[in-house]
Amino acid sequence: TIMDVRIAEDWKAILAEEFEKPYFAALTEFVRAEYAATTVFPKGKNIFRAFDKCPFDKLKVVIIGQDPYHGEGQANGLCFSVGEGVPFPPSLQNIFKEVNSDTGAPIPQSGELDRWAEQGVLMLNAVLTVRAHQAASHAGRGWEQFTDAVVRAIAERKSGVVYMLWGSYAQRKGAIADPNNNLILKSVHPSPLSSYRGFFGSKPFSKTNYWYSDGLKSEYGTSYPAYVYDSNSYLYIHIENYRNHLEKQGVKIKEARIISLEELKEIGCSLDTNSCLTAPSWIYYTASWSGTADANGRVWGISTSGKLQ
């Protein structure tokens, strides 16, 4: 059958309860009838392709789209992605422009984003099917409830995930993710209607790479990033990647949380926050520095130069 079998086994186990609910049975019946009666995208075998290409244990990033592309040959089961050789839709063009501007990576020849999914990016549309040339034609039929359950399952089982929430629809859907334990990157949608109002220049890709970096390059010696700035004016402490290293130095980590800029000022730190990602030496602490953890196990400190340590 289309709906309850063709999904990766790891996701099938996680989402098993959803497949047994009445709404999902009704959704299955509706989608099967649609595929039998008219042209529907993506191909039936690709409905759950976002899950097949991104194993749950490798998941690092969630990108939320809304509706599959409804043009011939475009939708392939991953949000924003198109098949090999298919011209880039406008939103995908803008995503690639931001990748290029943000990271320097060249704009690729192919709009097929399997390479992202295989690195741990779940490219999830809120609605997983659509009639040809009829945008949102399968909205309100149950897919939204199912994909809400997907986001909830991730939020309950994983921390340290990057959520790229582009536009108000994605931001509402991703609201369940805890900003204390994940990196929430919000901007307007990459659509040409909104991209110039804050998608361009939002730097989600370098922020994600920084979040998951294994440590700064050798010119920063034994220093490791603790605080990551994002557009919500928070500095995130993200120390899970460095826990083992820190504990070898005798630093016990009890808490990882966000600190507002105001709180940092209270402990004597002044930062040019716009420089945080371009000048990572401004936002590091030295793991071997004694006294890094305070009585509550929080990791912070201020050096004489005013940098975070």
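All values derive from a computational prediction rather than experimental measurement.
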side-chain contact (heavy atoms from CB on, under 4.5 Å) partners of [X], counting only residues at least two apart:
| X | value |
| --- | --- |
| Ala26 | none |
| Pro87 | none |
| Gln134 | Arg131, Ser137 |
| Ser191 | Ser91, His189, Leu193, Ser194 |

Closest contact, heavy atoms only, [X] versus [Y]:
| X | Y | value |
| --- | --- | --- |
| Ala75 | Pro68 | CB-CB, 4.1 Å |
| Gly44 | Tyr35 | N-CE2, 3.6 Å |
| Val86 | Gln74 | CG1-CG, 4.1 Å |
| Val40 | His138 | CG1-CE1, 3.8 Å |
| Leu27 | Gly142 | CD2-C, 3.9 Å |
| Gly111 | Ser81 | O-OG, 3.4 Å |

Report the residues that fulfil salt bridge (charged side-chain N to carboxylate O under 4.0 Å, His left out) with Asp148, sequence neighbours left out, ordered by chain and then residue number.
->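 Applying salt bridge (charged side-chain N to carboxylate O under 4.0 Å, His left out) to Asp148 gives Lys173.
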With sequence neighbours left out, write down each residue that passes salt bridge (charged side-chain N to carboxylate O under 4.0 Å, His left out) with Arg157, or none if nothing qualifies.
->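 Checked Arg157 against salt bridge (charged side-chain N to carboxylate O under 4.0 Å, His left out); zero matches.
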Do [X] and [Y] belong together in a cluster built from hydrophobic side chains that touch within less than 4.5 Å?
| X | Y | answer |
| --- | --- | --- |
| Met123 | Met164 | yes |
| Val150 | Val130 | no |
| Tyr169 | Ile63 | no |
| Phe41 | Leu92 | no |

Any chance you could measure [X], atom [atom1], to [Y], atom [atom2], to the nearest 0.5 Å?
| X | Y | atom1 | atom2 | answer |
| --- | --- | --- | --- | --- |
| Thr147 | Arg152 | OG1 | CZ | 10.5 Å |
| Cys54 | Gln119 | SG | CD | 10.5 Å |
| Lys158 | Asp57 | NZ | CG | 6.5 Å |
| Glu34 | Thr39 | CD | OG1 | 10.5 Å |
| Glu112 | Lys53 | CD | NZ | 7.5 Å |
| Lys21 | Gln145 | NZ | CD | 6.5 Å |

Under 3.5 Å, side chain of Asp67 to main-chain N/O of Ala136, donor-acceptor pair present?
->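 Yes, because the side chain of Asp67 sits within donor-acceptor range (under 3.5 Å) of the backbone of Ala136.
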Any donor-acceptor N/O pair, Arg49 side chain to Asn76 backbone, under 3.5 Å =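 Side chain of Arg49 to backbone of Asn76: a pair is present.
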Sequence neighbours excluded - salt bridge (charged side-chain N to carboxylate O under 4.0 Å, His left out) pairs with any residue from residues 93-108 |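 Residue pairs with at least one partner in residues 93-108: there are none.
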Which of parallel (below 30°), tilted (30 to 60°) and perpendicular (above 60°) describes Phe146 and Phe24?
->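 Rings of Phe146 and Phe24: tilted, 30 to 60°.
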Could you go through the salt bridge (charged side-chain N to carboxylate O under 4.0 Å, His left out) check for Glu118 and Arg115 one step at a time?
-> CA-CA 5 Å; Glu118 289 161 1; Arg115 59 190 180 277; over 6 Å; no
Check Ser187, Cys79, Ser195 against Trp166 for a side-chain contact (heavy atoms from CB on, under 4.5 Å) and give me the one that passes.
->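 With Trp166 as partner, side-chain contact (heavy atoms from CB on, under 4.5 Å) holds for just one option, Ser187.
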Heavy atoms, side chains only, cut-off 4.5 Å: are [X] and [Y] in contact?
| X | Y | answer |
| --- | --- | --- |
| Val127 | Glu144 | yes |
| Ile7 | Phe19 | yes |
| Ile107 | Val99 | no |
| Ile184 | Lys186 | yes |
| Ile64 | Leu165 | yes |
| Leu122 | Leu78 | no |

So, for Phe30 and Trp143, is the gap between ring centers shorter than 6.0 Å?
->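 No, the ring centres sit 6.0 Å or more apart.
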Among all residues two or more places apart in sequence or in another chain, which pass the side chain to side chain donor-acceptor pair (under 3.5 Å) test with Asn125?
->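 Asn125: no side chain to side chain donor-acceptor pair (under 3.5 Å) contacts found.
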Which residues share a side chain to side chain donor-acceptor pair (under 3.5 Å) with Arg172, sequence neighbours left out |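 Here no residue qualifies.
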Show your reasoning for whether side chain to side chain contact (heavy atoms under 4.5 Å, CB included) applies to Ile47 and Thr129.
-> CA-CA 7 Å; Ile47 292 174; Thr129 56; 3.9 Å; yes
Just grab all the ring pair (Phe, Tyr, Trp, His ring centres under 6.0 Å) pairs involving [range], residues at least two apart or on different chains.
| range | value |
| --- | --- |
| residues 53-72 | Trp11-Phe56 |
| residues 89-114 | Phe88-Phe96 |
| residues 102-133 | Trp116-Phe205 |

Can you list the steps and then say if Tyr163 with Leu185 is a side chain to side chain contact (heavy atoms under 4.5 Å, CB included)?
-> CA-CA 6 Å; Tyr163 291 81; Leu185 299 177; over 6 Å; no
Apply the test side chain to side chain contact (heavy atoms under 4.5 Å, CB included) to residues Glu18 and Tyr23: give CA-CA distance (whole Å), side-chain angles for both, the deciding distance (0.1 Å), then the verdict.
-> CA-CA 9 Å; Glu18 293 304 305; Tyr23 87 86; 2.6 Å; yes
Apply side chain to side chain contact (heavy atoms under 4.5 Å, CB included) to Ile154 and Leu59, showing your working.
-> CA-CA 9 Å; Ile154 296 166; Leu59 187 150; 3.9 Å; yes
